[in-house]
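Every chain is numbered from 1 and lettered A, B, ... according to where its sequence line falls, protein lines coming before strand lines.
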Amino acid sequence: MKAQLLTVLFCFAQLFAFTQTSVNGQVTDNKGEPLVGANVYLEGTYDGASTDSTGRFTFNIRETSGMLIASYLGYETYKEPIHFDGSSASINIRLREELASVEEVVITAGAFEASDEKKGVVLKPLDIVTTAGALGDINAALNTLPGTQTVGEEGQLFVRGGAASETRTFIDGLRVQTPYTSQVPDVPARGRFSPFMFKGTLFSTGGYSAEFGQALSSALILNTEDMPEKSVTGISLMTVGPEISHTQRWKNTAVSGSVGFTDLSPYTEVVNQWIDWEKPVRAGQAAISLRQKTSETGIFKTFVSGSQSRMAIRFPSLERAGEKDFFSNHNDNIFINSSFTEVLGDSWKLQAGATYTFNRELIEFTSGKVDAKEQSAQAKVVLTRYVNRNLTLKMGATTIRGEFDETFTATGAQNSIQTVLTEQWEAAFAEGNVRIAPKVTARIGVRGEHSSLINRANLAPRLSMAYQTGKASQISMAYGQYYQTPENQLLRVTTDLDFERADHYILNYQFMKNDRTFRVEGYYKTYHNLVKFDPQEPFSPGAYSNGGSGYARGMDIFWRDRKTFDRTDYWISYSYLDTEREFRDFPTAAVPTFASAHNFSFVGKYFVTKWRTQFGGTYSYASPRPFHNPNEPGFNAGRTPHYHDLSLNLSYLTDIKDHFTILHVAVTNVLGREQVFGYRYGNTPGPDGLFASNPIGPPARRFFFVGLFVSIE
Amino acid sequence: MKRTLISFALVFVTTFTFAQDDRFTAGMKSALALMNKAGTAEARLQASNQFERIANAEPTQWLPLYYAAHCQLLASFMTKDEDARDPLLDKAQAFLDKAKGMESADQSEIWALQSYIYQGRVQVSPMIRGMQYGPKASEAAQKAIALNDANPRAHLMLGQNTMYTPSFFGGGEEKACPILSTAKEKLDAFTPSSEIMPSWGKRRISALANKCAE
């Protein structure tokens, strides 16, 4: 019996004294560098270990076979079946760096992105709002980035030697027909949209995707906010006028509305103006937006805005000494933008959208009256297919119907001249995001367009690539052909014109780590088929041709640092531009008036916690720009003085009766530098044989802004 | 003798099955010990690794996922590599999301930790993230309280988030301190249902309460 008991005991002991195998080894990355803290274990058991400071691990296992797993953040998980037959096993494991799916790889050539959601972007949406000198205008804030030229009298984006019309704005993928307020001489335009509307901004200074077209130089792609966090009422009291807004949030629905009124009269009474206002700007604007979640992944958004503005200014006449010329503008604008996004199945995404724009400019000036009405409607559908982590396909089609109806009546004339242009335009594109090697991503696309107005079609290839040189750095390049229909100003004389074209070649290096970003980008752009005409015969169709051409080349440098100095954020931009073109009324190839060779800006922000105040400063410099002086030989041979501007702002964060409140104070051109953007010359010489001139400058030496913004939840 | 043998065998068998059951508790305890003595981000991640292994072997248990998320979160506070913070928080969120879907999970504890993760997001860049994640952290903590008012960690999270929210956003010490004293009361009255259930928060509460006392 005793023996029996012993046997049983022995059996049990056997049961407990499992054959243990000691597993050891090392976990390294592709290059053989040890990975510290990797998790190595046998699937389904507790047996495992973390690797030590040399990447080594050792642990005992009771099973003789199973799945060995090694995982490490940022690396692909290793999973291999193993079988042990000895008392120890040695295994060396190499982990491959996890590749982001192609959708997440941002090709940085030509692209500046601001987003809260995406990683690896250069800016956050809030950075745009708080940039000194921008006064809450998206375009003005983007003007502190390299690749842009300071053109103070226009207030629009001029990119890499391109005219303002060569930059196109898109909201939720749809083209914005009238992104800026009315063009009035010497009064810089502002963007029509508040930066707070957008969750993401992609500013492309060239080489952008085949999804977008009709812009020779640049695309500004804005994506509106999805669902607002909560219901809130906003009251803004500003030196330019008040605004009130309210957002109501339900579970799957949100409705927002705002009404604002702008009147510069009180301001122009207090602050000495250089511009001679007959009627300072008065404007009213209202907007309503609806957002509806249609499912877990679907959202429908619609935005309707209407605005009306009027202003009148006087200038000393260049033709009749001592007299005044006048210019007045009355603008009505309606803009509707709707979009729908939904994920279909597990690999398709549908985006559809439509817009409608109505814009009327009623302009009266000394020599006549213009009544220009423009209407346009666009529809667009885009399908995205995620084939796998290495391939995403995107394709879409869009159509625009536009009507431009302009009547010009010369002062004292009986008859008017009417121009009606009707455009029916279609475009389609296809684009693939492909990983061609572990660290090489390419975006290959093609876009075709047809315009019935000029009865021409085009086909534009696009290609960009990124090579990840390290975890924090990449080299990228972009090439593409970009077509644009000539402007209405030209088409009203003749529609027998072809698309204008630009070819972009871009090479970019970017390094981004620990809140520091460095990028340098070289580019070369050639212009083809630019419309030119004989300045002697501006109304003769035969004087127009696509015989113009040009080039722009240069280098952009950007450095941003949010790390080195506590609570301080600053960025530095420098752009070098070398450009000449022969277009419009240019008799010869010349540097256009909107191009300056050197542009520099420094943007700094510093938060003082104790005072709950953010201080901001922006210094901008632009080297002399050309202007044409008819009293001197040569074309565009004059040069303006150097441009300097130092703008400051501060935002004081406080509360009024527990309601979050911001007091914002801003001033431009603090140092009071003389800013001359060019000169305006008379059309006919005076009695002395010389053309009289006036300098073009800002409306006042400085612009002051004080605003109080209260949020009531 | 036969009887002895049977009882002997019985003892062995029960020990064995008991050991099987208790393998979980023992594994959790050893991982918790590792977590509690961890003083660096690396040590926290080692503890997280151990929880992850247990989670892998015990697909119905929410606790290892909960603690793995907690370790990742604490590592994000301690790491010196600032670019690593968001990926650590992403991993914490992934563990927590997995735990959230489990029937056995204590949802009040889950949402308290969710609030903490949102606060971790704010810490990455308070100026930029505050407005986005601050209100989310507050909502999550309020949800945790609604699910179980006796959970001291739910109150702690609400108090902590309120304390670090600027006064003009409705935060500040004045508002946070009463919440934290509630948290302390709840903690004193709280007994975890087992040794491995969440019981942390004492040190955090007293550190914040000291600020209130100042």
Q: Would you say the side-chain atoms of B:Ser108 pair up with the backbone N or O of B:Ala144, donor to acceptor, closer than 3.5 Å?
A: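 Yes, B:Ser108 side chain to B:Ala144 backbone: donor-acceptor pair under 3.5 Å.
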Q: Using a cut-off of under 4.5 Å for heavy-atom pairs, which of A:Arg562, A:His659, A:Arg567, A:Lys563 has the most such pairs with chain B?
A: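 Among A:Arg562, A:His659, A:Arg567, A:Lys563, the one with the most close pairs to chain B is A:Lys563.
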Q: Is B:Asp86 salt-bridged to B:Arg129, going by a charged N under 4.0 Å from an acidic O?
A: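 Here B:Asp86 pairs with B:Arg129 in a salt bridge, since their nearest N and O are under 4.0 Å apart.
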Q: Do you see a donor-acceptor pair shorter than 3.5 Å between the side chains of B:Glu58 and A:Tyr46?
A: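 Side-chain D/A pair, B:Glu58 to A:Tyr46: present.
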Q: Please state whether the side chain, the backbone, both or neither of B:Glu42 comes within less than 4.5 Å of a heavy atom of chain A.
A: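 Contact with chain A: none, neither part.
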Q: My understanding is that only one of B:Lys136, B:Glu109, B:Gln93 makes a side chain to side chain donor-acceptor pair (under 3.5 Å) with B:Gln114; could you say which?
A: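 Running side chain to side chain donor-acceptor pair (under 3.5 Å) over B:Lys136, B:Glu109, B:Gln93 with B:Gln114 returns exactly one hit, B:Gln93.
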Q: Rounded to the nearest 0.5 Å, how far does CG of B:Asn161 lie from OG of B:Ser115?
A: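 Taking OG in B:Ser115 and CG in B:Asn161, the distance rounds to 5.5 Å.
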Q: Is it the backbone or the side chain of A:Asp515 that comes under 4.5 Å from a heavy atom of chain B, or both, or neither?
A: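 Both backbone and side chain.
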Q: Heavy atoms only, distances under 4.5 angstrom: which of A:Glu229, A:Lys230, A:Lys513 has the most pairs with chain B? Name it, please.
A: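 Result: the option with the highest number of such pairs is A:Lys513.
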Q: At a 4.5 Å cut-off on heavy atoms, which part of A:Ala472 comes close to chain B: side chain, backbone, both, or neither?
A: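 Nothing of A:Ala472, per the 4.5 Å heavy-atom cut-off to chain B.
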Q: Need one label for A:Glu713: side chain, backbone, both or neither, based on atoms under 4.5 Å from any heavy atom in chain B.
A: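 Neither; nothing under 4.5 Å.
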Q: Could you look at A:Val36 and say if it's the side chain, the backbone, both or neither that has a heavy atom under 4.5 Å from chain B?
A: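 Contact with chain B involves no heavy atom of A:Val36 at all.
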Q: Check whether NZ of the Lys or CZ of the Arg B:Lys100 lies under 6.0 Å from the centre of the six-membered ring of B:Trp111 and within 45 degrees of that ring's axis.
A: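 Cation-pi check for B:Lys100 and B:Trp111: passes.
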Q: Can you measure from CG (B:Leu158) to CG (B:Leu180) and round to the nearest 0.5 angstrom?
A: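 Those atoms lie 8.5 Å apart.
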Q: Ignoring hydrogens and angles, state whether a donor on the side chain of A:Asn39 or B:Arg53 is under 3.5 Å from an acceptor on the partner side chain.
A: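 A donor-acceptor contact under 3.5 Å links the two side chains.
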Q: Tell me, side chain or backbone of A:Ser71 under 4.5 Å from chain B's heavy atoms, or both, or neither?
A: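 Only the side chain of A:Ser71 comes within 4.5 Å of chain B.
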Q: Only pairs of heavy atoms separated by less than 4.5 Å count here; which of A:Ala49, A:Gly37, A:Gly74 has the most with chain B?
A: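 Of the options given, most contacts go to A:Ala49.
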Q: Could A:Arg560 and A:Tyr570 be counted as a cation-pi pair, given that NZ or CZ must be under 6.0 Å from the ring centre and within 45° of the axis?
A: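 Judged by the rule, A:Arg560 and A:Tyr570 form no cation-pi pair.
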Q: State, without any angle test, whether A:Lys199 and A:Thr224 hold a side-chain donor-acceptor pair at a distance under 3.5 Å.
A: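 A:Lys199 vs A:Thr224: no donor-acceptor pair found between side chains.
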Q: What parts of residues 67-85 of chain B touch chain A if we use heavy atoms and a cut-off under 4.5 Å?
A: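 Within residues 67-85 of chain B, the residues that come under 4.5 Å of chain A (heavy atoms only) are B:Asp81, B:Glu82, B:Asp83.
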